[in-house]
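Count residues from 1 along the sequence.
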Amino acid sequence: MGRPESVGPLAHRMLCTLASGGWLEGTALPSSRRLATEFGVSCHTAMAAVRRLAKSGLLEVRQRHPVQIPVGAQQRARDLLAAPG
């Protein structure tokens, strides 16, 4: 039996936090270290979840800059949670 996948569930929890307004649009996401502590995962897993959300356009990732939450991300997160499937 392999190691359980943790990035997907973490990305979903982060999506829910974003949709509920736990993080504000136009601000920086907490650091990967803080996210890892908050969600009880490794920094590597936290960053993998951030990258997954960035691919969906929910976060803006740039090297050597804090991860940003773009305007419109909260509604997009709500839409993704409401979508069937």
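Taking all atoms of both residues into account, the shortest heavy-atom contact from T17 to F39 is OG1-CZ, 4.1 Å. Taking all atoms of both residues into account, the shortest heavy-atom contact from A28 to P66 is CB-CB, 3.7 Å. Across every non-hydrogen atom of E60 and P70, the tightest pair is OE2-CB, 3.4 Å. Listed here is the closest heavy atom pair of S56 and L80: CB-CD1, 4.5 Å. Closest of all the heavy-atom pairs between A36 and C43 is CB-N, 3.8 Å.
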**OP:** Assess whether side chain to side chain contact (heavy atoms under 4.5 Å, CB included) is satisfied between L59 and R51, documenting all intermediate values.
**Re:** CA-CA 8 Å; L59 300 173; R51 284 191 298 273; over 6 Å; no
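The CG atom of L58 sits 10.0 Å away from the CD atom of E25 when rounded to the nearest 0.5 Å. Atom CG of L15 is separated from atom CZ of R52 by 11.5 Å, given to the nearest 0.5 angstrom. Put simply, CG on L18 and CG on L24 are 10.0 Å apart, with the number rounded to the nearest 0.5 Å. The line from OG1 of T37 to CZ of R33 is 8.0 Å long, rounded to the nearest 0.5 Å. A distance of 7.5 Å separates OG in S20 from CD in Q74, rounded to the nearest 0.5 Å. Atom CG of residue L10 and atom CE of residue M47 lie 11.5 Å apart, to the nearest 0.5 angstrom.
L35 and V7 are members of different hydrophobic clusters when ILVMFWY side chains are connected at heavy-atom separations under 4.5 Å.
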